[in-house]
Amino acid sequence: MSPKTESYTAALTGIVGKDAVEEKPQVTVAGKSPSLRVRPKSVEEVGKVLAFANENGLGVIPTGSGTKLETGNPPEKFDLLLDLTGLDQIVEYDAENLTIAAQAGVRVKDLVELVTKDELFFPVDPAFPGEATIGGVVATSDNGPKRFQHGNLRDVVLGVKVVLPNGELVKFGGRTIKNVSGYDVTKMMIGSMGILGVIVEATFRLLPEPQREDILVHAFPKLSEVTKLAGQVLDSVLVPSSLELLSPAARKLIKGVASDFAVGEYLLVVGLEGHPDAVVRQEQDLTSMCANLAPNRTALVVGGDYVAEGKEASEREVTCQIHDHGEACNCETVTDQATVDSLWEEIYNLERTAKEAGYAVAAKVAVPLAQVWEMAAAAEKSAAANGVQIAYKISAGNGLLNLYMQGDNEKVLAVLEDLRTLAQKREGSLVLKSTPLFNGSFEVWGEPQGTHISLIRATKAKYDPNGVLNVGRYVGRI
Amino acid sequence: MIDQSVIQELKGIVGEDNVLHNKADLQTYEYDAYLEKSLPDAVVFVNSAQEVSDVVKVANRAQVPFVARGRATNLSGGVLAMRQGIVIELARMDRIIDIDIENQRMIVEPAIYNLEVTGAIDNLGYYYAPDPASGKACSIGGNVGEDAGGPHCFKYGVTSNHVLGMEVVLPDGEITWLGGKALDTPGLDLTGVFVGSEGTLGIATKLVLRILHKPEAVKTMLAVYDSIDDASSSVSAIVSHKMVPATLEMMDNLVIQAIEQSMAAGFPLDAAAVLLIELDGLKDGMEEMADKIVEICKENNVREIKVATCEAERAALWKGRKGAFGAIARLSPNYLVADGTVPRTKLPETLRMCREIGDKYGLRVANVFHAGDGNLHPLILFDSRNPEDKEKVLKAGMEMLQVCADMGGTVSGEHGVGIEKAMAMYMVYNEKDLLAQEWVKEAWDPQDLANPGKILPQRLIKREEAHVS
Ligand SMILES: Cc1cc2nc3c(=O)[nH]c(=O)nc-3n(C[C@H](O)[C@H](O)[C@H](O)COP(=O)(O)OP(=O)(O)OC[C@H]3O[C@@H](n4cnc5c(N)ncnc54)[C@H](O)[C@@H]3O)c2cc1C
């Protein structure tokens, strides 16, 4: 340990206390490890730690539970890991007005549990909800399938409090749904990957819990049929809350409720929320739409339990009768909320399950809605040509393709290059979410397109003039 | 005054006829829908992004400020040329560039009227959700400038939720694209910062809009109340019964009077408040939800509740709300709108306090507002021919915004800050917060040429010769 590090340890210990400073923590980000992990317990402490880092030119990477720490280019400097899990307070929960303000380290799961008690709904469903903290979710703008209906982080975060690299605490936005008082810096903080400041608190919009939530699962033998189905659904009056597709390989990673179901096929997973009649109607419409395109396949309705007592049983009968009446489609129903939740849970954790199954590389492709199918087909083709194994999930309502890959390093790289070229041609992007293999040899964010690097650089220079936060990790190596 | 040589350069870009610089011509461009005036040096009619860029480059060389002008319906002084300079009149850039149904996007030029966007895709079964009451008269570019809202925003969100990308001429004249048809463009959400920046970060020349499939069914109801508090409690009760109506709009007695005088919408003249409620979505379950709403309103002492049974009846119920601002002219020659937002449950108390402020200054206050969002619009009535009135009105407006801030709300819900509310920013932000906002302006417009003197109190330019319109 260098004398310099020792003096840092001493100074930081003075700020946060001995038990909140760890030397040589077991953390690496793209091959680099910090000398210290610091875990402040208050916003004031975060301010002091950052001010210290700023004065001493230390490189800081803020983190929550670290579930997305891998996303980004290798850091230019990395002295301190700023662990924000100690900021774990709900600051203001206003159930009546449907808002909640929470500190950065609060885990999504805990927040969801809290508001569920009041029959409210947190309209954000990121990956790894059991660990992901709200600060991390806001900083990475990570969201899940239900984003189709409820919007992204930028649509539900009403305001943030941020500690700037100079140690000052500032607030942007507020806690009302409508707010045009001043520049919407909140939007810029969302997804800023911690390059401008440390988000210490965020206020979210809540919604009433849906009266009923079901999932409809349907098997498809071919990608072209799902493509058609998605087109039909999107161009209809139906309002599913999510429209996800698992590739056969990804489907294999899902256990639980759908384990012995549609093996070797594509699995369409449609989330339905709202008035029970509307949910049931959509199940009927969707099963017949699916059956037309992919006959003789089984549909599975995973039903929620929110319906007023006494009503559930009869609703169920209706659903099943309709599904069973023709030869076209068999129907099974599973009816309890725990099952709905666990299926979502598996989908949220897919990236990890995939990694455990050997898919070491994860990437995300975003293109205009209808182009996502072309991207999936191209991914299959390029993977086959390069001898790379892939599993993927499509969010059809958002034009997103989450790709998990395993194979020879060079080959995986070749597939990624193919897909990025195509995505950019379609005015989209490909972002590498985890980088264990490449260590900086592949541009994580891609050549900037639809953005303005010198504006981002100028913004960074204003907020973080000494270059303390996540240096070099962002788009354009900013 | 800007140099004649600058005028010549501008004429060189857009042609002789497309530059105004005589005082008489310029006077049309010295005001918007706020109360102040400021005369620009020149007005330039542009027809393309390239022309906008060329004009902005001239402005840079000459160090003359410029202001983007949409349809000038904003209520906060957003298009007033506070440091004179060039008004960039966008009116001719009103084309539709692309209607892309399969990707649910549309690309338009900025000056297209808000209602024309939906008009162009209505027959395809689609619409553009943000629906300011001024939709017939305001432009999409101006909506982006102010981050405009409207009666359907409770369910669908405001302009920033529906603008996903743009071509923009930056303050130094460079043309660039931010965002686009796809979501999640890597990099900072520059589109998000631009929306609501009131022309101070550059000029949008094309906008990528999210368009939505029209709902299968719509149910519109009008509930009449003898007390505003009952109307407000109905709003909260509806939401707490797990319903998210598309619209929850309230109008008070004074507004009802004005509407009835101007268009006879069929609102009872003696009602304390009416609540316009609209559900949309699938038809299944809608009857039941409508029944539930009727029941909730009854529990909250509704006097009567009408449910529209056909499109004509629905249009009739909406007519009053749509024409509300305009109808105020029946009551008073001038009005100031204080556009504050509070947590919804604070509405009754806030409305009461606003009324008290009006009483204190001897000014009548009419209310028509987005109750679901907690976004109130006290319209403070006055007569500009009465010189001391204006001062009283401005004071009363500020006090009302202070009430909103004290209630945990904010000082502008959808009309923007402009010059009107720059000082009110101190009610919700401290100096450090405001400095961190100013960095945005500094990063985008280091020369301070794009619509200077707006939004931030530390940059406010007060016009001494300003006078009432
Ligand atoms: C009767 C009435 C009812 C109204 N109802 C509502 C309502 O329900 N909801 C609501 O939100 N507002 C409402 N408004 C306010 C007003 O209509 C909105 O603020 C509207 O968005 C302004 O559009 P505009 O085209 O008139 O913009 P302008 O007034 O011309 O400009 C507004 C601001 O945007 C900037 N700007 C304009 N074009 C561009 C561009 N292309 N790029 C960058 N900046 C640009 C301008 O510089 C200015 O700062 C109402 C106004 C009136 C008079």
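Note that the structure is a prediction, hence the values are computed from the model and not measured. Sequence lines set the chain letters: A, B, ... in the order given, protein chains first and strands last, and positions in each chain run from 1.
Side-chain atoms of Leu188(B) and Tyr474(A), non-hydrogen and from C-beta on, do get closer than 4.5 Å to each other. No side-chain heavy atom of Ser240(B) sits under 4.5 Å from any side-chain heavy atom of Glu96(A). Within the 4.5 Å cutoff, the side chain of Val193(B) has no heavy atoms near those of the Val185(A) side chain. Taking 4.5 Å as the limit, every side-chain heavy atom of Pro215(B) sits out of range of all side-chain heavy atoms of Val237(A). Residues His452(A) and Val168(B) have side chains not in contact (no heavy-atom distance under 4.5 Å, counting atoms from C-beta outward).
If you take CD on Glu102(B) and CD on Gln371(A), they are separated by 5.5 Å, rounding to the nearest 0.5 Å. To the nearest 0.5 Å, atom CG of residue Leu183(B) and atom CG of residue Asn398(A) are 5.5 Å apart. If you take CG on Leu238(A) and NE2 on His213(B), they are separated by 9.0 Å, rounding to the nearest 0.5 Å. If you take CD on Glu287(B) and NE2 on His275(A), they are separated by 10.5 Å, rounding to the nearest 0.5 Å. Note that the OH atom of Tyr183(A) and the CD1 atom of Ile455(B) stand 4.0 Å from one another [nearest 0.5 Å]. For the atom pair CD of Gln211(A) and CE of Met289(B), the computed distance is 7.0 Å after rounding to the nearest 0.5 Å.
Comment: Lys364(A) engages Asp184(B) in a salt bridge, judged by a side-chain N to carboxylate O separation of less than 4.0 angstrom. Salt-bridge formation is not detected for the pair Asp94(A)/Lys346(B): no Lys NZ or Arg NE/NH1/NH2 atom is positioned less than 4.0 Å from an Asp or Glu carboxylate oxygen. A salt bridge links Glu168(A) with Lys432(B): at least one charged nitrogen is closer than 4.0 Å to a carboxylate oxygen.
At a cut-off of 3.5 Å, with distance as the only test, a side-chain donor of Ser181(A) or Thr410(B) sits close to an acceptor on the other residue.
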Does the salt bridge (Lys or Arg N to Asp or Glu O under 4.0 Å) test come out yes or no for Lys187(A) and Asp189(B), once each step is laid out? CA-CA 6 Å; Lys187(A) 292 239 168 25; Asp189(B) 186 358; over 6 Å; no

Dump the intermediate steps for side chain to side chain contact (heavy atoms under 4.5 Å, CB included) on Lys283(B) and Arg281(A), then the final yes or no. CA-CA 9 Å; Lys283(B) 62 182 185 336; Arg281(A) 140 86 184 285; 3.6 Å; yes

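Both the backbone and the side chain of Ser197(B) come within contact range of chain A, each with at least one heavy atom under 4.5 Å from a heavy atom of that chain. Contact annotation for Leu434(B): neither backbone nor side-chain heavy atoms come within less than 4.5 Å of a heavy atom of chain A. The parts of Val411(B) that come within reach of chain A are both its backbone and its side chain, each placing non-hydrogen atoms under 4.5 angstrom from that chain. Residue Met407(B) touches chain A through its backbone alone, counting heavy-atom pairs closer than 4.5 Å. Within the 4.5 angstrom heavy-atom criterion, atoms from both the backbone and the side chain of Asp433(B) approach chain A. Heavy atoms of Thr99(A) lying under 4.5 Å from chain B are absent altogether. When heavy atoms are compared at a cutoff of 4.5 Å, Val342(B) approaches chain A solely by way of its backbone atoms N, CA, C and O. There is no contact between Phe121(A) and chain B, counting heavy-atom distances below 4.5 Å. Contacts between Glu146(B) and chain A at a heavy-atom distance below 4.5 Å involve the backbone alone (N, CA, C, O). Using a 4.5 Å cut-off between heavy atoms, Leu190(B) touches chain A through its side chain atoms alone.
Lys171(A) places a side-chain N or O within 3.5 Å of a backbone atom of Val428(B) that can act as its donor or acceptor partner. Using a distance-only test at 3.5 Å, with no hydrogens or angles considered, a donor-acceptor pair links the side chain of Arg154(A) to the main chain of Ser160(B).
Closest approach of Arg344(B) and Asn97(A) over heavy atoms only: N-OD1, 2.9 Å. The minimum heavy-atom distance between Gln437(B) and Gly182(A), with the atom names listed, is OE1-CA, 3.4 Å. Contact detail for Leu164(A) and Ala436(B): the closest heavy-atom pair is CD1-CB, 4.4 Å. Residue Gly413(B) comes nearest to Lys178(A) through the heavy atom pair O-CB, 3.5 Å, listed as atom of the first residue, atom of the second, then distance. Closest approach of Ala182(B) to Gly428(A), counting heavy atoms only: CB-CA, 4.2 Å.
When each of Leu212(B), Leu282(B), Asn430(B) is checked for heavy-atom pairs under 4.5 Å with chain A, Leu282(B) comes out on top. When the candidates Asp100(B), Leu164(B), Thr200(B) are compared by the number of heavy-atom contacts under 4.5 Å with chain A, Thr200(B) comes out ahead.
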